[in-house]
Asks: 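This is the structure I want to talk about, given as structure tokens.
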Amino acid sequence: MKERRVGLPDLPDVGEGTVVLRFAPNPNGLLSFGHSRGLIINSEYAKAHNGTLILRFDDTDTIQKAPLLSAYEKIEEEVEWLTGLKPKIIIASERMEYYHKHAVQLLEMDGAYICLCSGDEFKEIRKNKQECSHRHQDIEENLDLWMQMKDGRLKPGDAVMRVKTDMTLPNPALRDWPAFRIQDTKTNPHPRPNIGSRWRVWPLLDFQSAVEDHLQNVTHIIRGKDLMDSTRKQLLLYDKFGWEYPTTIYWGRVKIHEYGGFSTSQIRRDIESGKYSNWDDIRLPTIASMRRKGMNAEALKAFWIELGLTQKDISVPLSSLFSHDTKIIDIKTPRISFVREPKSLELVGGELPASITVPSHPEHSNFKPRIIDLSTKIIMVEKADIDEALSKSNKFRLKDLADIEITDGKAIITSIDSAGGLRIIHWVANGKETNLYYNEDDGINCQKGILENHSHPIGTQVQLERIGYAVIEETGLVLSHN
RNA sequence: GCUCGCGUAGUGUAGCGGCCCAUCAUGAAGCCCUCUCGAGGCUUCGACCCGGGUUCAAAUCCCGGCGCGAGCACCA
């Protein structure tokens, strides 16, 4: 039997120098679940090779995916939470000089031209493997047009800079791809105050990313296979500059059963319109939301490492992620009782003590035990359990308390010690009315119930016995998962 | 339409010429343990997309088919 490989495959092409990887989100919103893959895979390799992780903000679109000023710091914090690493920060919008410098250099090498075709016109030309007239402008003309793009004589939509590849390339995506376009930053200023309306001519992803990867000595690019053609475009650019392209690795598409299609832009609009309360709304597939619900960074890490780097498109249920999380949180969550649809029962008979002490965890004694006052002799149990009592057996074991027999709303104690063989149910004495919130089909459900009195601070993750894990918040409980 | 990529149990994943009547996890079923329907332990179930070829030998290499996905934006 061959040995089973565990964890991530070895990183290929690890040379003498330091390994440099990057994670490059658009700060038009906070990180979503999907981002965590790129972050974890790249950071794990960086850690394994004692290399560098670059967090690069690709904030070069001020119109369609305008950056969110507050996202920069928050993403940085999310990255540290998720990876445990302090990444090197690069902000594309603050590095425009470099991109412009390389643009001019490329024009001077006759490796690019300013194209005045409309998008539709060029689409047709590309499809037919033709060349547009602008392709044959001489270098001086191109440099002049570049100036016109920069100084405002050419308006957004009038011109783009295209990298001269080959219009007969079999892959249509690679034919003279666009590298720079004009954005009206007077009416749509960049939200970073030091950038604002300073630039009109902005690089597109393929150019900006390619140049920056070279400038940062990125050694490995690991990303989704939807960016394969992007690599091929960038390779053509690297050839012109005589640079060596990093090693690239791709992963396939992942779909989570429970998550529909969503985009950061859409989430942002929905938050702004009030559909969602914020980035940590429990319905959202964001890192902020998952964190709020108690998800562990380690679970996310284990989950993505398990999926690995295959290029096949996969679809996984959320329960697969939760099973990793359960393993991590089970030992560190104190147990507490929460009764949904409570029905009260009066305890009758038996030698009932005034209070009992119950452990907060079945195996670990590092939690303070719970002391439960029984002086009122009234307890609450779940309606579903009572219903079962009516239909099947009316005998139960109240967990950690007593064997009982239910008749007419009374719980007659038959034994304090467990006689065994009885169904064990949970209960609450002296609880507080509390709401348990959980998301289901893009809606928030609220389950009312009685939560056992406790002294856990806000933010504590607990296990609601027989129900699942939840986080205690100011306004109630938020279900993690069961 | 053109281009690229991918197809191993229900879901993920390992293996990438002989060690494979195929790994591990998850899931389902059952049992054990436990004063939770949680955790833990054990058992069982279940897969190499199809068809050719190469080879003494193919999940693994080649070709064809089929299926799935992505790119062809003045988004990232």
Side-chain angles (χ1 to χ4, degrees), chain A residues 1-7 9 24-28 57-61 63-65 92 115 117-119 122-123 126-127 129 149 156-162 169-175 177-183 201-202 204-206 208-209 223-233 250 252-255 257 263-265 302-303 305-317 319-324 326-327 329-331 333 335 337 358-359 361-364 384-385 397-403 417-418 420 422-426 463-469 482:
Chain A
M1 182 72 59
K2 277 169 186 157
E3 211 165 291
R4 180 185 157 77
R5 200 202 80 228
V6 284
N26 181 338
N28 63 335
F57 292 104
D58 281 351
D59 56 349
T60 54
D61 182 345
I63 315 287
Q64 298 182 58
K65 295 186 177 174
C115 178
C117 293
S118 73
F122 194 83
K123 205 175 223 170
R126 177 181 48 218
K127 195 178 125 198
K129 299 188 177 183
M149 284 173 80
D158 288 349
V160 292
M161 184 186 112
R162 291 186 181 281
L169 251 19
N171 187 344
L174 313 183
R175 296 172 196 156
W177 53 270
F180 280 84
R181 84 318 207 164
I182 305 167
Q183 294 190 106
V201 181
W202 290 78
L204 274 324
L205 169 86
D206 293 309
Q208 178 270 127
S209 178
R223 58 182 171 188
K225 67 175 182 180
D226 52 312
L227 262 10
M228 270 181 168
D229 281 346
S230 183
T231 297
R232 296 183 183 106
K233 287 186 218 174
Y250 306 96
R253 224 178 60 131
V254 171
K255 162 119 187 52
H257 292 345
S263 71
T264 305
S265 319
F303 174 78
I305 288 175
E306 182 172 68
L307 296 198
L309 289 171
T310 62
Q311 285 187 33
K312 97 199 219 198
D313 303 314
I314 54 179
S315 182
V316 277
S319 59
S320 164
L321 170 62
F322 292 156
S323 76
H324 285 289
T326 299
K327 287 192 182 80
I329 62 179
D330 188 69
I331 52 163
T333 47
R335 272 48 173 170
S337 203
V358 179
H361 194 287
E363 285 100 38
H364 303 272
D385 290 328
R397 171 75 186 169
L398 292 176
K399 188 170 186 298
D400 301 309
L401 182 60
D403 286 358
D417 292 326
S418 173
L422 294 181
R423 188 155 162 67
I424 295 163
I425 61 171
H426 67 295
Q463 189 199 76
L464 305 177
E465 283 180 333
R466 296 176 71 213
I467 297 172
Y469 301 92
N482 42 23

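Basis for what follows: all heavy atoms, side chains included, without hydrogens, waters or symmetry-related copies. A note on names: the letters A, B, ... follow the listed sequences, proteins ahead of strands, and every chain is numbered from 1. Just so it is clear, the structure is predicted and the values come from calculations on it, not from any experiment.
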Asks: With heavy atoms under 4.0 Å as the rule, sort A/Gly252 into base, sugar-phosphate or nothing.
Replies: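 The residue A/Gly252 makes no contact with any strand.
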
Asks: For A/Gly157, report the nucleic acid contact type (base, sugar-phosphate, nothing); a contact means any heavy atom under 4.0 Å.
Replies: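 Touches a base.
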
Asks: Please determine, for the side chain of A/Glu363, which listed nucleotide (B/rC2, B/rC35, B/rG38) has the closest atom?
Replies: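 Nearest nucleotide to the side chain: B/rG38.
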
Asks: A/Cys117 versus A/Lys123: any side-chain heavy-atom pair under 4.5 Å?
Replies: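 No. Closest side-chain heavy atoms not under 4.5 Å.
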
Asks: Under 4.0 Å, counting only non-hydrogen atoms across every strand here, what does A/Asn26 touch: a base, just sugar-phosphate, or nothing?
Replies: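 Sugar-phosphate, backbone atoms only, no base.
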
Asks: Which nucleotide, B/rC6, B/rU13, B/rA39, lies nearest any side-chain atom of A/Thr310?
Replies: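 Closest of the options to the side chain of A/Thr310: B/rU13.
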
Asks: Given the ring of A/Phe122, does A/Arg162 sit roughly above its face, with NZ or CZ under 6.0 Å from the centre of the six-membered ring and within 45° of the axis?
Replies: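 Yes, A/Arg162 and A/Phe122 form such a contact.
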
Asks: Below 3.5 Å is the cut-off: list the nitrogen or oxygen pairs between protein and nucleotides 8-11 of chain B, distance only.
Replies:
from: B/rU8; atom 1: OP2; to: A/Lys312; atom 2: NZ; distance (Å): 2.3
from: B/rU11; atom 1: O3'; to: A/Ser315; atom 2: O; distance (Å): 2.8
from: B/rU11; atom 1: O2'; to: A/Ser315; atom 2: O; distance (Å): 3.4

Asks: Within the structure shown, what part of the strands sits under 4.0 Å from A/Lys127 by heavy-atom distance: base, sugar-phosphate, or nothing?
Replies: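 Here A/Lys127 touches no strand at all.
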
Asks: Where the side chain of A/Arg5 is defined as all heavy atoms beyond and including C-beta, which of B/rG12, B/rG15, B/rC74 is the nearest nucleotide?
Replies: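 The closest nucleotide is B/rG15.
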
Asks: With no hydrogens and no angle check, just 3.5 Å: does a side-chain donor-acceptor pair link A/Thr264 and A/Asn28?
Replies: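 The answer is no; no qualifying pair exists.
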
Asks: Assess whether one donor atom and one acceptor atom, taken from the side chain of A/Glu306 and the base of B/rU26, lie less than 3.5 Å apart.
Replies: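 No, the side chain and the base share no sub-3.5 Å donor-acceptor pair.
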
Asks: Answer with yes or no whether the side chains of A/Glu306 and A/His324 bring together a donor and an acceptor at under 3.5 Å.
Replies: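 Side chains of A/His324 and A/Glu306: pair found under 3.5 Å.
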
Asks: Check nucleotides 67-71 of chain B for protein N or O atoms closer than 3.5 Å to its own N or O atoms and list the pairs.
Replies:
from: B/rG69; atom 1: O4'; to: A/Asp313; atom 2: OD2; distance (Å): 3.2
from: B/rG69; atom 1: O2'; to: A/Asp313; atom 2: OD2; distance (Å): 3.2
from: B/rA70; atom 1: OP1; to: A/Arg253; atom 2: NH1; distance (Å): 3.1
from: B/rG71; atom 1: O2'; to: A/Asp229; atom 2: OD2; distance (Å): 3.1

Asks: What's A/Tyr469 touching, base or sugar-phosphate or nothing? Going by heavy atoms closer than 4.0 Å.
Replies: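 Sugar-phosphate: the residue A/Tyr469, judged by heavy atoms under 4.0 Å, touches backbone atoms but no base.
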
Asks: May I ask which nucleotide in the shown strands pairs with B/rC31, Watson-Crick or G-U wobble, both distances under 3.5 Å?
Replies: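 Because both required distances fall under 3.5 Å, B/rC31 counts as paired with B/rG41.
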
Asks: Distance from A/Leu309 atom CG to A/Tyr250 atom OH, nearest 0.5 Å?
Replies: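 So the gap between those two atoms works out to 12.5 Å.
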
Asks: Determine the interatomic distance between C1' on B/rC20 and the same-named atom on B/rA57; round to the nearest Å.
Replies: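 Comparing C1' positions in B/rC20 and B/rA57 gives a spacing of 13 Å.
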
Asks: Identify, with sequence neighbours excluded, every residue that meets side-chain contact (heavy atoms from CB on, under 4.5 Å) alongside A/Asp61.
Replies: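 A/Asp61: side-chain contact (heavy atoms from CB on, under 4.5 Å) contacts with A/Ile63, A/Gln64, A/Lys65, A/Arg181, A/Gln183.
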
Asks: Less than 4.5 Å apart, side chain to side chain, heavy atoms only: is that true for A/Gln463 and A/Asp330?
Replies: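 Heavy-atom side-chain distance check passes, below 4.5 Å.
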
Asks: What contact category does A/Thr326 fall into here, base, sugar-phosphate, or nothing, at under 4.0 angstrom with non-hydrogen atoms?
Replies: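 Result for A/Thr326 = sugar-phosphate.
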
Asks: Establish, from distance only, whether the side-chain atoms of A/Thr231 and A/Arg223 form a donor-acceptor pair under 3.5 Å.
Replies: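 Per modelled atom types, A/Thr231 and A/Arg223 side chains form a pair under 3.5 Å.
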
Asks: Using a 4.0 Å heavy-atom cut-off across all strands, classify A/Pro362 as base, sugar-phosphate, or nothing.
Replies: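 If one applies the 4.0 Å heavy-atom cut-off, A/Pro362 turns out to touch a base.
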
Asks: Determine the contact category for A/Gln64: base if any of its heavy atoms lies under 4.0 Å from a base atom, sugar-phosphate if only primed atoms, P, OP1 or OP2 are that close, otherwise nothing.
Replies: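 Contact class for A/Gln64: base.
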
Asks: Given B/rC75, B/rG5, B/rG40, which nucleotide is nearest the side-chain atoms of A/Arg232?
Replies: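 Looking only at side-chain atoms, A/Arg232 lies closest to B/rG5.
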
